[in-house]
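In what follows, a structure is listed as structure tokens, so that the remarks can point back to it.
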Amino acid sequence: MLQRITEVFRKEFNAAPFVFRSPGRVNIIGEHTDYNEGYVLPAAIDKYIYIAIAPRTDKELHLFSQDFQDSCIKNLDDTLQPVAEGWPNYILGVVDQLKQKGFRLSGFNLVIDGDVPIGAGLSSSAAVECATAFALNNLFELGLDKLELVKLAQLAEHNFAGVRCGIMDQFASMFGKKGHAIKLDCRSLDYEYVPLDLKGYKILLLNSNVKHSLASTEYNTRREQCEQGVAWVKAHHPQVKSLRDITLEMLDQYVLPQDELIYRRCKYVVEESLRLLQGCEDLKKGDLAALGKKMFRTHFGLSKEYEVSCPELDLLVSAVETHPNVLGARMMGGGFGGCTINLVKEDAITELVDGIKHAYQDQTGLELTYYVADIENGTGPA
Ligand code: GLA
């Protein structure tokens with residue numbers, strides 16, 4: 001990939017680039033908890049977005065996507081706006097954030113390439129934002145630290161992709177550590193690396209190949225529903241700031257009488273936060289079976305209470321639920337498509353996939369693809 005992107009850059013721009021990369025991510029447990037100031041347990045994987053970059057002497061941005069075989073040219077002196085093509089937005093959104101912060105950049109040439117599947121719930125967009133932020137920070141010696149870059153990348157997603165995402169994806173892509181998950185407190189942003197010792201098991205990602213097109217509108221709706229629940233509790237307990245501060249008893253008392261749907265949404269989040277803390281302890285103790293059971297329970301919550309799953313993801317989880325070599329499985333990320341994450345005995349992976357792929361195709365008309373994810377370091381030079 002490094003060689004390919006360097007060659008493409010030479011061909012496009014007739015110069016040698018600097019190359020940076022940022023990984024996709026998985027999340028072991030703790031879904032839809034980040035924007036509720038709870039905890040998450042993500043890890044960076046061995047699939048990357050690559051950015052090759054070199055400065056220009058004028059104010060122009062020349063972007064080229066190897067995947068889309070498409071170019072985009074902008075001028076830094078113009079107001080940057082989201083574009084219809086989609087792919088440039090994650091780059092332009094980061095540039096726009098830097099401009100808003102008062103950094104004076106010069107123009108640059110940039111090629112983007114990578115092997116993080118798009119729309120699969122592995123956070124290819126966060127990987128693009130982090131790779132871009134890291135590259136520009138280096139190229140123009142902006143002096144920002146990694147956490148500042150993460151926050152900037154998250155705002156790029158809010159403003160140029162229209163998703164009010166939490167901080168998990170960008171944090172995981174930037175701060176990933178080989179062989180470790182990151183237990184991140186999304187309120188304080190304190191974090192701890194937890195060794196991911198899987199003892200003969202692997203993280204298997206089953207891609208439903210359903211593109212999560214509903215995700216952005218429904219995602220923002222879920223956020224609003226959580227905020228509504230918090231507002232109802234806050235009316236009685238002014239110190240409450242987010243679902244992080246709310247107990248199941250408070251939900252029973254103040255939210256259930258108001259609205260059953262909002263109650264169900266909030267209850268899922270409060271329970272998931274507790275589940276994550278216990279799941280981390282399971283991992284530290286090496287009790288993968290207990291962690292796996294919690295993953296199945298998380299899937300139930302995401303499907304029936306938070307309602308961000310889809311029939312194809314439900315099918316993939318139920319297909320492995322009683323399999324002797326699968327400890328846990330659930331949908332992962334924002335939802336409405338993308339991958340399930342499965343803890344599977346390493347030597348049973350091929351047989352497992354062979355066993356379900358035909359049935360999946362028959363029932364959904366979609367192909368089932370899969371990746372075995374290894375846990376790697378976060379954003380850096382390629
Ligand atoms: C998406 C968002 C994250 C997080 C997950 C759900 O991936 O970008 O911030 O909210 O959904 O856990």
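Ligands are counted one by one from 1 in listed order, and the atoms in each one are counted from 1 as well. Below, all heavy atoms of this structure are taken into account, side chains as well, without hydrogens, waters or symmetry copies. The shown structure was predicted, so the numbers you read here are calculated from the model rather than taken from an experiment.
At a cut-off of 3.5 Å, with distance as the only test, a side-chain donor of W87 or D70 sits close to an acceptor on the other residue. Defined by atom type and a distance below 3.5 Å, a donor-acceptor pair is missing between the side-chain atoms of S273 and T33. For the 3.5 Å distance criterion, the side chains of S242 and E37 qualify, holding a donor opposite an acceptor. With no hydrogens or angles considered, a side-chain donor-acceptor pair links D96 and Q100 at under 3.5 Å.
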* E260 and R264: CA distance, side-chain angles, deciding distance, salt bridge (Lys or Arg N to Asp or Glu O under 4.0 Å) verdict -> CA-CA 6 Å; E260 199 274 330; R264 229 183 318 134; 3.3 Å; yes
* Worked check of side-chain contact (heavy atoms from CB on, under 4.5 Å) between E12 and H62 -> CA-CA 10 Å; E12 284 291 313; H62 287 232; over 6 Å; no
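The distance from ligand 1 to the heavy atoms of Y35 drops below 4.0 Å at these ligand atoms: 10 (O). Ligand-side atoms of ligand 1 in range of H32: 6 (C), 12 (O), range being under 4.0 angstrom from any heavy atom. Under a 4.0 Å criterion applied to the non-hydrogen atoms of D34, ligand 1 contributes the atoms 3 (C), 4 (C), 9 (O), 10 (O). The distance from ligand 1 to the heavy atoms of G333 drops below 4.0 Å at these ligand atoms: 6 (C), 11 (O). Taking every heavy atom of Y219 and a limit of under 4.0 angstrom, the matching atoms of ligand 1 come to 1 (C), 2 (C), 3 (C), 4 (C), 9 (O), 10 (O), 11 (O). Residue contact check: G166 has heavy atoms under 4.0 Å from atoms 9 (O) of ligand 1.
Taking 4.0 Å as the cut-off, R223 does not count as a neighbour of ligand 1 on heavy-atom distance. The closest approach between S123 and ligand 1 stays at or above 4.0 Å for every heavy atom of the residue.
Judged purely by atom type and a 3.5 angstrom limit, H323 uses its side chain to pair as donor or acceptor with the backbone of N325. Remark: side-chain polar atoms of Q361 are not paired, donor with acceptor, to backbone N or O of E367 under 3.5 angstrom.
At under 3.5 Å, not a single nitrogen or oxygen of C165, backbone or side chain, sits near a nitrogen or oxygen of ligand 1.
In the candidate list Q154, M168, R164, M168 is nearest to atom 5 (C) of ligand 1, counting heavy atoms.
At the shortest separation from atom 8 (O) of ligand 1 among protein heavy atoms lies D169 OD2, 2.6 Å.
Using a 4.0 Å cut-off between heavy atoms, R25 contacts ligand 1 through its side chain alone, with no backbone atom that close.
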